[in-house]
Amino acid sequence: MKINQKITDGLLTISIDGDLDASTAMDVDYVIKEAYTSKNYKILVDCKQLQYISSAGLGVFISYMEEFEQNKGSFVFFDMNEQVYSVFELLGLHQIFSIVENELEAKKRLTNLEIV
Amino acid sequence: MRMKINYTTPCCRKRLSEIRHFVSQQIKDAKLSDLEKSQIILAVDEACANAIIHGNHCDNSKELKLQLEINDDRISVEISDIGNYHPHPKGSRSTQDVVGDCIQNKRKGGLGLRLMYGVMDNVKYYSKGSTNICSLTKRL
């Protein structure tokens with residue numbers, strides 16, 4: 001699994017390429033912890049190349065969710081494939097996390113957080 | 001059609017992708033949609049991750065054994081090891097409550113079993129002597 005990061009207009013995009021499972025979840029955990037420390041609370045998660053996610057991968061986002069929201073931030077996932085989406089759905093997380101079609105919508109969703 | 005295949009691997013979390021690949025190869029012709037196949041792979045991955053991490057503390061010298069049986073009416077997977085992982089039974093708590101608890105307590109773990117229960121028709125943990133067995137069944 002590879003992780004790429006970029007900051008555009010104050011929003012951090014984390015792109016995950018490959019499988020996010022119990023052997024790779026700690027790499028994503030490290031990146032998110034670093035984002036939190038750097039006060040980047042608005043995170044776009046690019047899932048275009050995310051082939052697989054298990055509970056260990058979901059656990060990373062779940063464990064940081066409240067801390068990011070307390071700082072008026074959030075995770076917004078986009079470009080997710082059907083298999084990965086179904087894992088969120090099995091746990092009802094599709095109703096808890098923001099999951100949108102594409103990057104543009106994801107940016108709009110995060111920008112709207114400032115207005116609300 | 002009846003097929004029984006065995007697979008043995010060290011208790012190492014880096015082997016999880018190989019396990020998923022193995023399962024995906026074996027069930028590729030099963031009468032299931034691609035989504036259903038991906039969910040069976042997920043359930044097996046969760047059971048193996050629990051056994052490797054919690055039962056055997058990623059000890060490479062220990063073995064994890066999988067036995068996959070494909071019949072006309074079901075797919076059964078038995079994952080066995082000599083570890084010390086004995087999960088709590090499913091209980092009466094809803095998945096929503098368990099997820100809420102994970103969010104509130106900032107917990108990273110505890111949802112793998114929920115996924116296994118959500119995907120498979122039957123999930124059973126039992127011991128035979130010193131061997132722990134996780135049995136997963138999906139009806140076709």
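Every chain is numbered from 1, with letters handed out A, B, ... down the list of sequences. From a predicted model like this one, the values you see are computed outputs, not experimental measurements. Keep in mind that the numbers below use all heavy atoms, side chains included, and drop hydrogens, waters and symmetry copies.
A salt bridge is absent between A:D21 and B:R13: the closest approach of a Lys/Arg side-chain nitrogen to an acidic carboxylate oxygen does not fall below 4.0 angstrom.
When A:A25, A:S54, A:A56, A:G92 are compared by the number of non-hydrogen pairs under 4.5 Å with chain B, A:S54 comes out ahead. Top candidate by heavy-atom pairs under 4.5 Å with chain A, chosen from B:K106, B:Q39, B:R107, is B:K106. Looking only at heavy-atom pairs under 4.5 Å with chain A, the residue among B:V99, B:T95, B:L35 that has the most is B:L35. Taking B:Q104, B:R15, B:E46 one by one and counting their heavy-atom pairs under 4.5 Å with chain A, the maximum is reached by B:E46. Ranked by heavy-atom pairs under 4.5 Å with chain A, the list B:D34, B:I103, B:V119 is led by B:I103.
Separation of atoms CG (B:L42) and OG (A:S86) is listed at 7.5 Å; rounding is to 0.5 Å. B:L111 contributes atom CG, which lies 7.0 Å from atom CG of A:L93 (distance to the nearest 0.5 angstrom). The distance from the CD atom of A:Q51 to the OG atom of B:S17 is 13.0 Å, given to the nearest 0.5 Å. Rounding to the nearest 0.5 angstrom, the gap separating the NZ atom in B:K108 from the CZ atom in A:F61 is 11.0 Å.
No single ILVMFWY cluster, assembled from side-chain heavy atoms under 4.5 Å apart, contains both A:L58 and A:M26. Connection of A:Y30 to A:L12 is not established within any shared hydrophobic cluster, with ILVMFWY side chains joined at heavy-atom distances below 4.5 Å, either directly or through further cluster members. Hydrophobic clustering of Ile, Leu, Val, Met, Phe, Trp and Tyr side chains at less than 4.5 Å, counting indirect connections, unites A:V31 with A:Y64. Follow the hydrophobic side-chain contacts under 4.5 Å out from B:I75 and you reach B:Y117 in the same cluster. The hydrophobic cluster containing B:V123 does not contain B:I133, counting ILVMFWY residues as joined when their side-chain heavy atoms lie under 4.5 angstrom apart, directly or transitively.
The two atoms that bring B:L115 and A:L90 nearest to each other are CD2-CB, 3.7 Å, heavy atoms only. Considering all non-hydrogen atoms of both residues, B:D45 and A:Y52 come closest at OD2-OH, 2.6 Å.
Heavy-atom contacts from other residues, nucleotides or ligands closer than 6.0 Å to CD of B:Q96 number 12 or fewer. Remark: B:K65 NZ is loosely packed, at most 12 non-hydrogen atoms of other residues, nucleotides or ligands lying under 6.0 Å away. For CD of B:Q25, the number of neighbouring non-hydrogen atoms (other residues, nucleotides, ligands) closer than 6.0 Å is greater than 12. In this structure, B:N6 places its CG atom where more than 12 heavy-atom neighbours from other residues, nucleotides or ligands lie under 6.0 Å away.
Of the atoms belonging to B:I52, not a single heavy atom falls under 4.5 Å from chain A.
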